[in-house]
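Let me begin by presenting the structure, written as structure tokens, before commenting on it.
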Amino acid sequence: QVQLVESGGGVVQPGDSLRLSCATSGRSFGRSVMAWFRQAPGKEREFVAGVYWSAGSTSYADSVKGRFTIGRDSGKNTIYLQMNSLNPADTAVYYCAASTSSTIPTSTLSYTSWGQGTQVTVSS
């Protein structure tokens with residue numbers, strides 16, 4: 001089992017930046033892929049970005065390409081989500097998730113461990 005703890009959420013204005021972190025602990029082979037999902041009120045949880053831990057390859061949702069960057073720090077067992085040019089449509093609870101997949105899946109069903117979530121609110 002992999003334990004995940006997110007941090008870094010907050011309230012920002014449109015155009016601002018924010019960096020989320022997800023600290024991982026537990027069985028390292030349970031996190032071959034790490035990803036960020038988000039869920040806005042009344043909407044389904046959606047894939048935002050993912051990273052294949054060993055190779056560092058990444059994948060992004062079209063809605064965040066060019067604005068968000070996912071990264072990992074193997075020494076700290078932590079992943080990050082750098083979010084730039086935020087807009088109100090990015091408002092959601094952001095979740096960190098871990099998968100044992102050999103690719104970067106975008107379905108929530110492929111992820112076996114989840115963090116508690118951190119709120120990001122973009123408002124003027």
Side-chain angles (χ1 to χ4, degrees):
Q1 187 72 16
V2 179
Q3 289 78 46
L4 308 172
V5 178
E6 303 99 334
S7 61
V11 180
V12 296
Q13 294 186 336
D16 284 353
S17 298
L18 204 59
R19 192 188 199 201
L20 306 181
S21 298
C22 174
T24 75
S25 60
R27 305 164 77 177
S28 60
F29 62 81
R31 52 160 173 77
S32 58
V33 171
M34 297 293 299
W36 289 96
F37 285 75
R38 65 186 181 186
Q39 188 166 18
K43 295 188 176 181
E44 293 187 353
R45 194 170 297 188
E46 64 175 2
F47 174 84
V48 175
V51 58
Y52 194 76
W53 191 271
S54 59
S57 52
T58 58
S59 177
Y60 295 92
D62 288 343
S63 59
V64 306
K65 278 181 182 176
R67 299 189 299 124
F68 291 11
T69 302
I70 188 171
R72 79 208 191 293
D73 185 330
S74 299
K76 296 182 179 180
N77 290 328
T78 300
I79 67 165
Y80 304 95
L81 185 68
Q82 177 66 42
M83 305 184 293
N84 299 328
S85 301
L86 285 162
N87 60 67
D90 296 315
T91 295
V93 177
Y94 283 71
Y95 296 91
C96 178
S99 171
T100 58
S101 175
S102 58
T103 60
I104 302 177
T106 59
S107 169
T108 57
L109 298 177
S110 298
Y111 290 82
T112 54
S113 298
W114 293 85
Q116 81 288 351
T118 185
Q119 177 70 48
V120 172
T121 302
V122 185
S123 174
S124 56

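We're numbering straight along the sequence, starting at 1. Since the structure is predicted, the reported quantities are computational estimates derived from the model, not experimental observations.
Cluster annotation: Trp114 is connected to Val93 through the hydrophobic network of ILVMFWY side chains, with a link wherever side-chain heavy atoms come within less than 4.5 Å. In the hydrophobic cluster analysis, where Ile, Leu, Val, Met, Phe, Trp and Tyr join through side-chain heavy atoms closer than 4.5 angstrom, Tyr60 is grouped together with Leu20. When hydrophobic clusters are built by joining Ile, Leu, Val, Met, Phe, Trp and Tyr residues whose side-chain heavy atoms come closer than 4.5 Å, directly or via intermediates, Val12 is grouped together with Met83.
The closest donor-acceptor contact from the side chain of Gln116 to the backbone of Val5 lies at 3.5 Å or more, if one exists at all. Side chain of Ser113 to main chain of Gln3: no donor-acceptor pair is present (N/O by atom type, distance under 3.5 Å, no hydrogens or angles). With Thr69 contributing its side chain and Gln82 its backbone, the two residues share no donor-acceptor pair below 3.5 Å. A donor-acceptor pair under 3.5 Å is formed between the side chain of Ser32 and the backbone N or O of Ser99.
Annotation for Leu4 and Cys22: closest pair CB-SG, 3.9 Å, computed over non-hydrogen atoms. Looking at every heavy atom in both residues, Ser21 comes nearest to Trp36 through O-CH2, 3.6 Å. Smallest separation of non-hydrogen atoms from Glu6 and Tyr94: OE2-O, 4.0 Å. Residue Val64 comes nearest to Val48 through the heavy atom pair CG2-O, 3.5 Å, listed as atom of the first residue, atom of the second, then distance. Closest heavy-atom contact between Ile79 and Cys96: CD1-SG, 3.8 Å. For the pair Ser63 and Arg38, the tightest heavy-atom approach, listed with the atom from each and the gap, is OG-NH2, 3.5 Å.
Between Thr91 and Gln119 the shortest side-chain heavy-atom distance falls below 4.5 Å. The shortest distance between side-chain heavy atoms of Pro105 and Val33 falls below 4.5 Å. Contact of the Asp90 side chain with the Phe68 side chain is registered, since non-hydrogen atoms from C-beta on lie closer than 4.5 Å.
The distance from atom OG1 of Thr106 to atom OH of Tyr111, rounded to the nearest 0.5 Å, is 7.5 Å. Atom OG of Ser101 and atom OH of Tyr52 lie 7.5 Å apart (nearest 0.5 Å). Once rounded to the nearest 0.5 Å, the distance linking CG of Leu81 with OG1 of Thr118 reads 11.0 Å. Summarising the geometry, atom CE belonging to Met34 is positioned 6.0 Å from atom CH2 belonging to Trp53; distances are rounded to the nearest 0.5 Å. Atom-to-atom distance recorded for Leu86:CG and Asp16:CG is 7.5 Å, nearest 0.5 angstrom.
Between Phe37 and Phe47, the angle of the ring planes goes over 60°, which puts this pair in the perpendicular group of the 30/60° scheme.
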